[in-house]
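Here the structure comes first, spelled out in structure tokens, and everything after it is commentary.
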2 protein chains.
Amino acid sequence: MNRTPVSLAARQGTLREHNLALVARAVFESPAPRSRADLSVVTGLTRATVSVLVDQLVDAEILRELPPLAPQRAGRPAVPLTPAARSIVGLGLEVNVDYLGGRVVDLTGAVVAERVTPGDFHASDPADVLARLGTLARDLLAEVDAQGMRVAGARLALPGLVDARAGRLQVAPNLGWSELDPVPLLGLDPGLRFDVANEAKLAGLAQSALAHGGPPVPSDPAPGAPPLPDDGARPGPSSYLYVSGDVGIGSAIVIDRQLFLGRHGWSGEIGHVVVDPHGPRCPCGATGCLEQYAGKDALLRAAGLGVDAQVADLVAALDAGDARATAAAARAGSALGSALADFMNLVDIDTVLLGGIYPDLLPYLRAPLLTGLRTRVLAAPWAEFEVSAALVGSYAAMTGGARLVLRDVLAHPADWVTPV
Amino acid sequence: MNRTPVSLAARQGTLREHNLALVARAVFESPAPRSRADLSVVTGLTRATVSVLVDQLVDAEILRELPPLAPQRAGRPAVPLTPAARSIVGLGLEVNVDYLGGRVVDLTGAVVAERVTPGDFHASDPADVLARLGTLARDLLAEVDAQGMRVAGARLALPGLVDARAGRLQVAPNLGWSELDPVPLLGLDPGLRFDVANEAKLAGLAQSALAHGGPPVPSDPAPGAPPLPDDGARPGPSSYLYVSGDVGIGSAIVIDRQLFLGRHGWSGEIGHVVVDPHGPRCPCGATGCLEQYAGKDALLRAAGLGVDAQVADLVAALDAGDARATAAAARAGSALGSALADFMNLVDIDTVLLGGIYPDLLPYLRAPLLTGLRTRVLAAPWAEFEVSAALVGSYAAMTGGARLVLRDVLAHPADWVTPV
DNA sequence: CGCATAAGTTCATCCGTACAACAAATATGC
DNA sequence: GCATATTTGTTGTACGGATGAACTTATGCG
């Protein structure tokens, strides 16, 4: 999922690439704009060197100079530098059970273009659906191209087991797809850098900011809205587990703002962790998987609601104090607690962000969930775990995919700087 | 656990450090000695640069030149380069329930000094025990110092929950220790770089070679034995889970030969993963933990043997076809399968190496274990998992600790090269 | 208006690698 | 036995990139 260097040998150019990335990251990380002199202090490079590097980054439209603001103290006023808006952008595409769409995000984290089509893609034809998504993507690309933006690459999010290295989908049960090489079916320009990843993993990454320590993602940015002002808001945690709850339950392990994919990209399949081997049978072939307690369908059924019911109906029943609904939520919460405890024991992560259907249900899940963690996590007396609702809004996987593309740009700005 | 760089800025010296490490690693990785010309091809550096770097590494006694061997083809004969034996060494110390001791390992991976004292440290006094270990360590250090070797640092392995960053032991149930800052109690020279880690994690690392791709560890090297000849043996897997089974069950997650510690160093606590919530109560406070099925005491008890019995007795009973023993092993195997399946679903690892008491029991555990994996791992149809016995011999944690020290040397050889 | 102050730029220097030519040590062909 | 081909390792020059000090630019303050 990352660019591979041509050689491991470090030559002079490697220095420049490294420091270019260092300076760029320093600007992106900072909540407030920084001057060249600031950057010199922060990075440890001399002002002279920083000047050269910044000029190149401004040339490449990765950074932009702002008009100097009214100086407060003596001395030549500083030129503030910020990430450039609407210059280099990333494309995030997604096919999910009830919609498909794409988002274009720029280096400030703003959504500059978006197209989403609702639909029912349960047991759909991959070639057909991906061709539709391809058309939608071409429209998006034409739109941003007309505005002079350059597209750095694209990510496709799919709700299934994706081999991230090979770019193949192994199986997406809810779509009814399997053994698929999805990118060619989009019919896009093969020159565009394209990667495929699991939906939950990209959504989990949307939770994290673009750069390490950077500004947090707006909860649900309206397309075309101006980039939100930098208010120096607290950045989210840098290491966490993002859990995406729907019919299935997936998750993303994020450590130091880096996605932990595992050998193939199949990490985080928390939906099939053992909760009770004597529990109900799961379509995966095993019994008592977490999904059978805390998955959307399982929850609604246990609450005595039809499968056609929405999560809102469940919330209403819970608010009304319905006994079956309350029992179902308690069962789900305690199952989640058990599965998350396994996770914490194995991976030593103390922050869990719940996304998908869970934020609305969290008030009813929290108590049994925390009880499960306290009794099962070995390090519980010393760890301070936090379980909270994820901040990401809808279509998080698209945002996360686009952001991942831009993160590559930020990690290798030299690719965008004119070699002269 | 790693050296922190003074600044993130890359300057000229950073290049040299990087390439120095690159060249050193290339030599250590190779099963056969390499010449400067070889290294130039492998690393992508020019022969001129490689020459300069190699000279510095030979000066620092990290590499050594061998006498040129009988040339096979035309041209000036190459000078073979290998890791230097008995020059820079690492110290690994360990306190466990029934022994304490230390090992000194050199850059070739050979054990150059060792002292182990058996004992019963169940419910022991930490100050007392650690003072004894400190004396033992001083003897070892004096011994290798007399032979002109330089000690790069030390690691202390403890069978408990260790906060690797803070160097603190939270709790070691089987020793009866808790809330402890163990390093000062050793009473060693504070100038010696010292870190503390969990026993299973260091033992898991002993499984891996010193450098990525390097020669595998000898099964149980005799102290003082000459370094084994490089036979080009297949290096072990680079990503795996090492499971250390005893009364408790711990594990080490190794990814690309790097130990994955988690936020505090508390990853891999597989012994307390849920196997069956209705199962027996565990001292940890929860119910149905893996340890209650596959831990040593639980296994022996289920097999109808006394707790004083040895694993050898269980193996004998199994070989004799004893019904209770067979049932206990089947139960343990299937519990291990369930817990390891959770692990694979969460972390996407496909190789498991079983250490501690498991290698002897493996023939009886394997079938139910693999059945558990096949039914519970979501990616089972596409992953080829391997479950095998760990190769490491006794006192693996000491070896692993010493090796970890040397790995730091190899990662930062510039620290050992004369700055002129 | 002159001085203090801070930001940004210019230029000589240093350091480490690249490139090319050369020296060293061996095999082979006649 | 000697010239030639071949490969290893070394030497010297060129080049790219960071450094540090001096310099220029733009402001506040007395």
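Letters A, B, ... are given to chains in the order of the sequence lines, protein chains preceding strands, and every chain is numbered from 1.
For the pair Arg36(B) and dT10(D), the criterion of a side-chain N or O lying under 4.0 Å from OP1 or OP2 is met. Residue Ser51(A) places no side-chain N or O under 4.0 Å from the OP1 or OP2 atom of dG8(C). Between Thr49(A) and dG17(D) there is no side-chain N or O to OP1 or OP2 distance below 4.0 Å.
The nearest whole Å value for the distance from the CG atom in Leu15(B) to the P atom in dC15(D) is 19 Å. Rounded to whole Å, atom P of dG8(C) lies 6 Å from atom CZ of Arg76(A). Rounding to whole angstrom units, CZ of residue Arg73(A) and P of dT5(C) are separated by 13 Å. Distance Leu63(A) CG to dG8(C) P: 13 Å, rounded to the nearest Å. Summarising the geometry, the separation between CG on Asn19(A) and C1' on dT19(D) is reported as 12 Å, rounded to the nearest angstrom. Between the CG atom of Leu20(A) and the P atom of dG16(D) there is a distance of 17 Å, given to the nearest Å. Computed from coordinates, the Arg34(B) CZ to dG9(D) P distance equals 13 Å when rounded to whole Å. To the nearest angstrom, C1' of dT17(C) lies 16 Å from CD of Glu17(B).
Considering every non-hydrogen atom in both Arg16(B) and Val417(B), the closest pair reads NH2-CG1, 3.8 Å. Taking every heavy atom of both residues into account, Ala24(B) and Leu410(B) meet most closely at CB-CD1, 4.0 Å. In terms of heavy-atom proximity, Leu205(A) sits nearest to Tyr240(A) at CA-OH, 4.4 Å. Across Leu45(B) and Ala10(A), no two heavy atoms sit closer than the pair CD2-O, 4.5 Å.
As judged by a 4.0 angstrom heavy-atom cut-off over every strand, Val50(B) is placed among residues making no nucleic acid contact.
Every residue two or more places apart in sequence or in another chain that forms a side-chain contact (heavy atoms from CB on, under 4.5 Å) with Val54(A) is listed here: Val23(A), Arg36(A), Leu39(A), Val50(A), Val58(A), Leu81(A).
When atom types are taken as modelled, the side chain of Ser35(B) and the backbone of Asp38(B) share a donor-acceptor pair closer than 3.5 angstrom.
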Between protein and nucleic acid, restricted to nucleotides 13-15 of chain C and to nitrogen or oxygen atoms under 3.5 Å apart, what atom pairs and distances do you find?
{"from": "dC15(C)", "atom 1": "O2", "to": "Gln12(B)", "atom 2": "NE2", "distance (Å)": "2.4"}

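Put simply, the side chain of Glu29(B) does not reach to within 4.5 Å of the side chain of Arg34(B), judged on heavy atoms.
Checking dA18(C), dT17(C), dA7(C) against every side-chain atom of Thr46(B), the shortest atom distance belongs to dA18(C). Closest to the Ala48(A) side chain, of the nucleotides dG20(D), dG9(D), dT17(C), is dG20(D).
Side chain Arg47(A) to base dG8(C): a donor-acceptor pair is found below 3.5 Å.
Nucleotides of DNA chain C nearest to Val52(B) and Gly75(B) differ in position, and the one nearer the 5' end is that of Val52(B).
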